[in-house]
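What follows is one structure encoded as structure tokens, with my remarks underneath.
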Amino acid sequence: MQLDFSAKDKPQEWLKNFAHQFGTEVSDNAFEIPPSLGNGFMKQVYFFDGFTLTYLHFKLFRPMEFMRHPINEAKLFPIMFYSQELPFEQDVDEKKKMIGFHTSNGIFMPSPQIGSRWNVPANMDGFQVTLTIEKDWYIRSVASSNDNYLKQLLESKKPFYLFESLQNSMRNLITDIHQLVNSDDKLQQFKLHQKAIGLFYLFLKQLENRNTRETISGINPVDVQKIIIVRKKILENLTALPPLRQLSQDAGMSISKLQKCFQQVFGKSISQYALSEKMHLAKQMLGTKKYSISEVGYDLGYANLSHFSKAFRNEFGVNPKAYLSTL
């Protein structure tokens, strides 16, 4: 089965188009995937004109092809976040990309003139978040006083697409969105707004790194994938980071090459990246209200809680106790 779509001027038009092709109708800004095709649903959340969240939770019984057709111009630009563990294939600009969390292609943003094809395998149980921004809203309300990277792209009116790696801090927000959408939380809309804005902020922050670091296009694609694997090892061992010598051996690189490539791909050194992700894990644990500050600090390998508190404050601007008081 193939589903066809293109850029739209209103998010609601995009949702109705998908519902029609699935053979169903939109109700309360959402539609259910027919039981004959699989399980799941698609939902849109409209926070204000210019910024929309689209959430897709799916498990399809047979392979499906999603085809995005290019058009000359549209107001809306999607930012697609691929958080699934197992990658699948996307074709764009006559190139095949493997997309997913453990690839360098975890985020995709195209202009309306860019076509693409996604080949989604059968029985893949996953969810995807897309943020859609309106060009005029972004330039007027977000980038009005800054000549930033995204503003330059949008104002150029030239076709473009970009891929970025998906950071673990972004993935945590996507997981929060997944849990909120599937909950009956009375403050769901407000909390989804907060999470979506946070996700958009992290994306913009990462884009700005393109102005201050070398582009990863100069790195051998094989080396980029090795760096992604190193990132996976780091995330799996945040409480006891493997030594650089071990990581370099695992990547088949010298220590100096590993450090240079990692900085180019993720915009941070290995130690900076690991510490930042450790603090985001600490924030996530504290946010559950199941752990005390000391339990989180000790679990993350801190023998001295003052060192933990300082690292947390450096990352988020508040210490753990102050953060807990806001929950």
Side-chain angles (χ1 to χ4, degrees), residues 1-47 49 51-92 96-100 105 107-134 161 174-175 177-185 188-189 192 196:
M1 181 177 178
Q2 177 177 303
L3 275 76
D4 298 89
F5 67 102
S6 60
K8 302 291 184 183
D9 284 336
K10 294 182 179 180
Q12 296 90 335
E13 295 175 357
W14 189 83
L15 187 66
K16 289 179 180 178
N17 175 49
F18 260 67
H20 176 74
Q21 293 186 72
F22 269 109
T24 186
E25 296 182 356
V26 174
S27 176
D28 194 24
N29 302 324
F31 71 84
E32 298 279 343
I33 293 176
S36 60
L37 298 177
N39 302 314
F41 65 96
M42 183 177 288
K43 180 179 179 66
Q44 285 188 328
V45 184
Y46 314 113
F47 300 117
D49 289 342
F51 190 62
T52 301
L53 167 70
T54 301
Y55 173 86
L56 172 61
H57 189 190
F58 61 90
K59 183 175 183 180
L60 304 172
F61 295 152
R62 59 178 183 267
M64 188 168 291
E65 184 178 86
F66 291 78
M67 175 70 76
R68 184 182 199 258
H69 297 283
I71 61 173
N72 290 331
E73 191 174 353
K75 298 178 180 179
L76 302 180
F77 290 73
I79 308 163
M80 307 173 193
F81 297 86
Y82 307 131
S83 61
Q84 77 277 0
E85 285 280 334
L86 298 177
F88 61 90
E89 190 176 87
Q90 177 182 352
D91 298 341
V92 58
K96 292 187 181 297
K97 302 280 189 179
M98 295 306 294
I99 58 175
N105 308 312
I107 309 172
F108 175 59
M109 182 179 185
S111 66
Q113 302 93 335
I114 299 299
S116 189
R117 177 189 291 109
W118 294 260
N119 299 298
V120 181
N123 298 314
M124 177 183 162
D125 191 6
F127 57 91
Q128 183 190 331
V129 166
T130 297
L131 300 179
T132 303
I133 63 168
E134 186 182 60
Y161 72 90
I174 292 169
T175 299
I177 289 170
H178 167 66
Q179 293 172 345
L180 278 167
V181 170
N182 289 278
S183 75
D184 57 359
D185 193 313
Q188 184 191 78
Q189 183 87 2
L192 283 173

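The first residue in the sequence is number 1, and the count goes up from there.
The neighbour count for Asn123 CG, taken as heavy atoms of other residues, nucleotides or ligands under 6.0 Å away, is above 12. Other residues, nucleotides and ligands contribute at most 12 non-hydrogen atoms within 6.0 Å of the NE2 atom of His20. Within 6.0 Å of CG in Leu86 there are 12 or fewer heavy atoms belonging to other residues, nucleotides or ligands. Within a 6.0 Å sphere centred on CD of Glu25, heavy atoms belonging to other residues, nucleotides or ligands number 12 at most. No more than 12 heavy atoms of other residues, nucleotides or ligands shown are found within 6.0 angstrom of NZ on Lys10. Heavy atoms from other residues, nucleotides or ligands lying under 6.0 Å from CD of Gln189 number more than 12.
Going from atom CD1 of Ile133 over to atom CG of Leu76 covers 9.0 Å, rounded to the nearest 0.5 Å. One finds the OG atom of Ser27 at 9.5 Å from the NZ atom of Lys43 (value rounded to the nearest 0.5 Å).
Residues Leu192 and Val181 meet the side-chain proximity criterion, which asks for heavy atoms closer than 4.5 Å. Residues Ile99 and Pro87 form no side-chain contact, since every pair of their non-hydrogen atoms from C-beta on lies 4.5 Å or further apart. A heavy-atom distance below 4.5 Å is found between the side chains of Asn182 and Tyr55. Side-chain atoms of Ser83 and Ile174, non-hydrogen and from C-beta on, do get closer than 4.5 Å to each other. At least one side-chain heavy atom of Trp118 sits under 4.5 Å from a side-chain heavy atom of Arg68. In this structure the side chain of Phe47 never reaches within 4.5 angstrom of the side chain of Thr52, judged on heavy atoms. Two residues are said to be in side-chain contact when any heavy atoms from C-beta on lie closer than 4.5 Å; Met109 and Met80 fail this criterion. Side chains of Pro121 and Arg62 form no contact here, defined as non-hydrogen atoms less than 4.5 Å apart.
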Could you walk me through whether Val129 and Leu53 pass the side chain to side chain contact (heavy atoms under 4.5 Å, CB included) test, one step at a time? CA-CA 7 Å; Val129 166; Leu53 167 70; 3.4 Å; yes
Show your working on ring pair (Phe, Tyr, Trp, His ring centres under 6.0 Å) between Phe127 and Phe58 and close with a plain yes or no. CA-CA 6 Å; Phe127 57 91; Phe58 61 90; 9.0 Å; no
Could you walk me through whether Gln2 and Met64 pass the side chain to side chain contact (heavy atoms under 4.5 Å, CB included) check? CA-CA 6 Å; Gln2 177 177 303; Met64 188 168 291; over 6 Å; no
Leu37 vs Phe61, side chain to side chain contact (heavy atoms under 4.5 Å, CB included): CA-CA, chis, key distance, verdict: CA-CA 6 Å; Leu37 298 177; Phe61 295 152; 5.8 Å; no
Applying ring pair (Phe, Tyr, Trp, His ring centres under 6.0 Å) to Phe18 and Phe5, what does each step give before you reach the verdict? CA-CA 8 Å; Phe18 260 67; Phe5 67 102; 5.2 Å; yes
Stepwise side chain to side chain contact (heavy atoms under 4.5 Å, CB included) check, Asn39 with Leu60: CA-CA 6 Å; Asn39 302 314; Leu60 304 172; over 6 Å; no
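Of all heavy-atom pairs spanning Pro110 and Pro78, the tightest one is CD-O, 3.5 Å. Smallest separation of non-hydrogen atoms from Leu15 and Ala30: CD2-N, 4.0 Å. The heavy-atom pair separating Ala7 from Pro112 by the smallest distance is CB-CB, 4.0 Å. Between Met42 and Thr54, the shortest heavy-atom contact is CG-CG2, 4.3 Å.
Aromatic pair Phe41/Phe31: ring centres not closer than 6.0 Å. The aromatic ring centres of Phe81 and Phe108 sit 6.0 Å or more apart.
Looking at Lys97, Gln128, Gln90 one by one, the single match for side chain to side chain donor-acceptor pair (under 3.5 Å) with Tyr82 turns out to be Gln90.
Judged by distance alone, the side chains of Gln21 and Asn17 do bring a donor and an acceptor atom under 3.5 Å apart. A donor and an acceptor atom, one from each side chain of Gln44 and Tyr46, are located under 3.5 Å apart.
Between the side chain of Ser116 and the backbone N or O of Asp91 there is at least one donor-acceptor pair closer than 3.5 Å. Distance alone, capped at 3.5 Å, is enough to place a donor-acceptor pair between the Gln188 side chain and the Ser183 backbone. Not a single donor-acceptor pair under 3.5 Å links the side chain of Arg117 to the backbone N or O of Glu65.
Here Asp9 does not pair with Lys75 in a salt bridge; the nearest charged N to carboxylate O distance is not below 4.0 Å.
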